[in-house]
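Here the structure is laid out as structure tokens; the discussion comes afterwards.
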Amino acid sequence: QQQVKQSPQSLIVQKGGISIINCAYENTAFDYFPWYQQFPGKGPALLIAIRPDVSEKKEGRFTISFNKSAKQFSLHIMDSQPGDSATYFCAASGEYTGGFKTIFGAGTRLFVKA
Amino acid sequence: DAMVIQNPRYQVTQFGKPVTLSCSQTLNHNVMYWYQQKSSQAPKLLFHYYDKDFNNEADTPDNFQSRRPNTSFCFLDIRSPGLGDAAMYLCATSRGRGGNEQFFGPGTRLTVL
């Protein structure tokens, strides 16, 4: 009930291509779904986030697609660049009867080939 | 610039020797979090403070304690570090819980010898 499943574990994309990372959650109490980008030796930084009242959110080259009924959401990186090479974490958070929870997916290592 | 600062960036301790990691923030956020991140794994929430209210995750070992003397500072105490506690420790802050961005510090890399 508390897991956030993320796939793929690693991803190699050509420069200019589309990177797609998927996540699935179980607890319907979650109401905030962010994506974080992490470079080696740095803390994660928020990339883009969505709430379940919308099905899609776009910021520049980054888009989140959200499917509430399937309890799935995905990150699309358009025109992928070598500078996008990093580890990406999806997360889910919210208040529920057991308290507040924020749970991260296992991460996806993205490598964009020049 | 408003930020989350962690000290030290690298900490080496001996097996069983207590260690304290420090986090400070200039964002004036009321929530502060401590995460443990092992190599190639996701950050795992250990506990968080909502103002002065301490919230421990059910599976956080008793070996880990935290203090928040004021809004700006939060400390992670590891009473008797074991080899399995070697990890990156990340501090984060947010304005409120739930649907609010968490701002992460650069982390402290803990090595246990």
Side-chain angles (χ1 to χ4, degrees), chain A residues 1-10 21 23 25 27 29-54 57 59 64 66 73 86-110, chain B residues 1-10 21 23-25 27 29-51 53-60 87-110:
Chain A
Q1 269 251 323
Q2 302 297 345
Q3 282 190 321
V4 175
K5 297 180 181 178
Q6 182 172 346
S7 63
Q9 188 174 6
S10 62
I21 306 171
C23 281
Y25 64 99
N27 192 332
F30 291 137
D31 60 2
Y32 178 68
F33 302 91
W35 284 91
Y36 285 88
Q37 180 188 55
Q38 185 176 29
F39 292 104
K42 305 282 188 181
L46 180 70
L47 192 62
I48 186 173
I50 197 168
R51 296 180 189 273
D53 54 346
V54 296
K57 183 175 181 180
E59 290 183 359
I64 299 180
F66 187 85
F73 58 109
T87 299
Y88 292 81
F89 293 97
C90 64
S93 66
E95 302 273 358
Y96 72 112
T97 53
F100 169 79
K101 274 291 182 188
T102 183
I103 299 177
F104 282 73
T108 296
R109 285 191 167 185
L110 171 65
Chain B
D1 286 340
M3 57 196 330
V4 181
I5 302 162
Q6 291 188 245
N7 285 304
R9 293 294 311 279
Y10 302 90
L21 309 183
C23 178
S24 64
Q25 55 130 340
L27 296 161
H29 285 168
N30 59 337
V31 188
M32 295 187 77
Y33 309 80
W34 278 106
Y35 288 88
Q36 179 191 64
Q37 186 177 27
K38 295 188 175 181
S39 181
S40 301
Q41 295 185 22
K44 181 181 178 300
L45 183 63
L46 296 174
F47 27 60
H48 73 278
Y49 275 94
Y50 190 173
D51 295 318
D53 183 27
F54 177 71
N55 297 268
N56 196 30
E57 293 299 300
D59 57 354
T60 297
M88 176 75 84
Y89 290 88
L90 296 164
C91 174
T93 73
S94 67
R95 187 186 302 114
R97 296 191 306 201
N100 290 290
E101 177 181 357
Q102 293 187 24
F103 292 80
F104 284 82
T108 294
R109 171 74 65 188
L110 177 67

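All chains are named by letter (A, B, ...) in the order of the sequence lines, taking the proteins before the strands, and each is independently numbered beginning at 1.
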May I ask you to test the B:S40-A:R109 pair for a side-chain heavy-atom distance under 4.5 Å?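 Yes; the side chains approach each other to less than 4.5 Å.
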I want to check something: taking the side chain as every heavy atom from C-beta on, are A:F104 and B:Q41 in contact at a cut-off of under 4.5 Å?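 No, every pair of side-chain atoms sits at 4.5 Å or beyond.
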Roughly how far apart are B:N100 CG and A:T102 OG1, rounded to 0.5 Å?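 So the CG of B:N100 and the OG1 of A:T102 are separated by 11.0 Å.
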A:F89 to B:A42 - nearest heavy-atom pair and separation: CE2-CA, 3.5 Å
So what's closer than 4.5 Å to chain B heavy atoms on [X]: side chain, backbone, both or neither?
| X | value |
| --- | --- |
| A:P44 | both |
| A:A49 | neither |
| A:Q9 | neither |

Test of understanding: with ring pair (Phe, Tyr, Trp, His ring centres under 6.0 Å), list the residues that count as partners of B:F104, not counting sequence neighbours.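 Here the qualifying residues are A:Y36, B:Y35.
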Pick from B:Q6, B:R109, B:E101 with the largest number of heavy-atom pairs that fall under 4.5 Å of chain A: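 Heavy-atom pair counts peak at B:E101.
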Heavy-atom pairs under 4.5 Å with chain A are the metric here; pick the option from B:A58, B:P106, B:G107 that has the most.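 Among B:A58, B:P106, B:G107, the one with the most close pairs to chain A is B:P106.
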How about B:R95: does its CZ atom have over 12 heavy atoms from other parts shown lying under 6.0 Å from it?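 12 or below, so no.
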Could you tell me which of A:P34, A:G94, A:A106 has the largest number of non-hydrogen atom pairs under 4.5 Å with chain B? A:A106
My understanding is that only residues two or more places apart in sequence, or in another chain, count here; which of them pass salt bridge (Lys or Arg N to Asp or Glu O under 4.0 Å) with A:K5? none
